[in-house]
Amino acid sequence: MPNPIRNCILASICLVFLASTPASGQSLVAEGEAFVPDSTRLQMIDEPIVLAEREANLVIASIYGVLQQIIESETLQTPDRVDALFDGVVRDLDVLAQQSYLHDDARYRELYRSVVTEYERYYGTVDGLTQANGEIFAYRNKMFDTLNALDEDNDPLLEDAALPDIPAMVTTVPMTMNRLVQSSLTFLQREPERHLNHWFARAETYMPMIERIFAEEGVPDELKYLAMVESGLNPRARSWARAVGMWQFIAATGKAYGLQVNGWVDERMDPEKSTRAAARHLKDLHAMFGDWHLALAGYNYSPGKLRRKVRNAERRLGRKATFWDIYTEIPRETRNYVPMFIATSLIVSHPERFDVKPVEPGPTFAFHRVPVYGSHSLQK
């Protein structure tokens, strides 16, 4: 049967490619639905968009055309147009990411790097609580590149890696040890002054609040380390894909969990409110998959797409599937996401066993609530 969504996309591709001048913010794909914590919505499975190789090449060509417009718009100092164009490019890249045959394609990887380079050049990647962006994303990409090198191994999941001499961790989320986790541990210990030290300093500020909220929401305590993987505990972090805050919510998902996101306020950057939203999101994902590793993967990936892969694996295996059973069938960022979480949890829980030196603690997270009536400018 014809797919009306796909046909609409292909028509847009042809128009954009032939005209070479797409309108501001024009996207080749409609923005996808957010994951909403509703029992009915939890059962929904979003339809993938499948493109033939020729069609994917036209999308790639059109994105390069939009990148040219971004540079021109930046030169002409029209920031609203730059923002809109980047929004469209991100949505188009999401369509390309759904084409599994492109994951190892050099042309696609080069396009991805080009988009990320332009995004970071325009918005910046300085790591700091006073900045609108966080360096965690470039750091995470480097780690994932390191882990991807293990894909050449015949069995990168082989349980032959030994933990350092650390006390046994009693956790709800399994701290599986394999070569991928071992590689993550090694990577995290490189240049701790650039990343780990910042995380430890911020942990003194934010972890007590996160622990309290997770306990109130009934979420495993060790999931607090996910905020380090997501943003480096930076409440103002903003990824090139428009995810914002300590827990990296896109606008639609943040709104689904009660966060205000509008022209006046963005509660994704509120440490307490976003933490509570993240706890409830994680609980919903666990209810969906019944497995914390899969819940973590669903936090990073589309829950509907992930569930399809889990069901396919269960039919093939004749038993309940785990994250490691579908490891090779999910995007590379997601497949490396769980090993990075486990490695981060191990190091932060036992820094002395990994030779991580103490750092100056950050400030205490304290504030007063002041009622404000009417509109007030916060600018000096």
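Just so we're clear, the structure is a prediction, and the values are computed from it rather than from any experiment.
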message: If hydrophobic residues (ILVMFWY) are linked whenever their side-chain heavy atoms come closer than 4.5 Å, directly or via other members, who joins M269 in its cluster?
response: V244
Return yes if some donor-acceptor pair links the side-chain N/O of [X] with the main-chain N/O of [Y] below 3.5 Å, else return no.
X: S302; Y: G298; answer: no
X: Q248; Y: E230; answer: no
X: T253; Y: F249; answer: no
X: E222; Y: T172; answer: yes
X: Y299; Y: H281; answer: no
X: E55; Y: A52; answer: yes
X: N300; Y: A297; answer: no
X: S183; Y: L180; answer: no
X: E204; Y: F200; answer: no
X: H293; Y: W324; answer: no

Heavy atoms, side chains only, cut-off 4.5 Å: are [X] and [Y] in contact?
X: L233; Y: M207; value: yes
X: V173; Y: Y225; value: no
X: L223; Y: L296; value: yes
X: R81; Y: Q69; value: yes
X: Y108; Y: Q99; value: no
X: L111; Y: R107; value: no
X: N234; Y: M246; value: no
X: L306; Y: F289; value: yes

When rounded to the nearest 0.5 angstrom, what is the spacing between [atom1] in [X] and [atom2] in [Y]?
X: M228; Y: I347; atom1: CE; atom2: CD1; value: 10.5 Å
X: E72; Y: L67; atom1: CD; atom2: CG; value: 11.0 Å
X: T205; Y: I210; atom1: OG1; atom2: CD1; value: 10.5 Å
X: L282; Y: F214; atom1: CG; atom2: CZ; value: 6.0 Å
X: I250; Y: K255; atom1: CD1; atom2: NZ; value: 10.5 Å
X: F354; Y: L196; atom1: CZ; atom2: CG; value: 10.5 Å

Heavy-atom closest pair, residues [X] and [Y]:
X: T275; Y: P271; answer: OG1-O, 2.6 Å
X: S349; Y: S345; answer: OG-O, 2.6 Å
X: I330; Y: R335; answer: O-NH2, 3.2 Å
X: A251; Y: V261; answer: CB-CG1, 4.0 Å
X: V359; Y: A201; answer: CG2-N, 3.8 Å
X: L294; Y: A321; answer: CD1-O, 3.8 Å

query: Can you list every ring-ring contact (aromatic ring centres under 6.0 Å, His included) pair that touches residues 63-83, not counting sequence neighbours?
result: none
task: Using the side-chain contact (heavy atoms from CB on, under 4.5 Å) rule, take L185 and L346 through it: C-alpha gap first, then chi angles, then the decisive distance, then the call.
output: CA-CA 8 Å; L185 288 168; L346 293 172; 4.2 Å; yes
message: Evaluate L96 against Y112 for side-chain contact (heavy atoms from CB on, under 4.5 Å), listing each step before the verdict.
response: CA-CA 10 Å; L96 293 177; Y112 181 89; over 6 Å; no
When you check the gap from the basic side-chain N to the acidic O, do [X] and [Y] get nearer than 4.0 Å?
X: D355; Y: R353; result: no
X: R212; Y: E216; result: yes
X: R319; Y: D325; result: yes

statement: salt bridge (Lys or Arg N to Asp or Glu O under 4.0 Å) filter on D266, not counting sequence neighbours, yields R268
query: When you look at N57 and R54, which way does the side chain to side chain donor-acceptor pair (under 3.5 Å) test go after all the steps?
result: CA-CA 5 Å; N57 287 337; R54 175 179 178 276; over 6 Å; no
query: Stepwise, does the side-chain contact (heavy atoms from CB on, under 4.5 Å) test hold for F86 with E118?
result: CA-CA 9 Å; F86 267 124; E118 287 301 320; 4.2 Å; yes
Evaluation steps, side-chain contact (heavy atoms from CB on, under 4.5 Å), between D284 and M288: CA-CA 6 Å; D284 284 332; M288 184 183 205; over 6 Å; no
task: Classify the angle between the aromatic ring planes of F323 and Y327 as parallel (below 30°), tilted (30 to 60°) or perpendicular (above 60°).
output: perpendicular
query: Going by the angle between their ring planes, with limits at 30° and 60°, are Y206 and F365 parallel, tilted or perpendicular?
result: tilted
- request: For salt bridge (Lys or Arg N to Asp or Glu O under 4.0 Å), just list the numbers for R369 and E272, CA-CA rounded to whole Å, side-chain angles, deciding distance to a tenth of an Å, and then say yes or no.
  value: CA-CA 13 Å; R369 297 188 185 275; E272 284 203 339; 3.3 Å; yes
task: Tell me yes or no: between the side chains of S231 and W247, is some donor less than 3.5 Å from an acceptor?
output: no
field: N312: which of R315, K309, R308, R316 passes side-chain hydrogen bond (donor to acceptor under 3.5 Å, both in side chains)
entry: R315
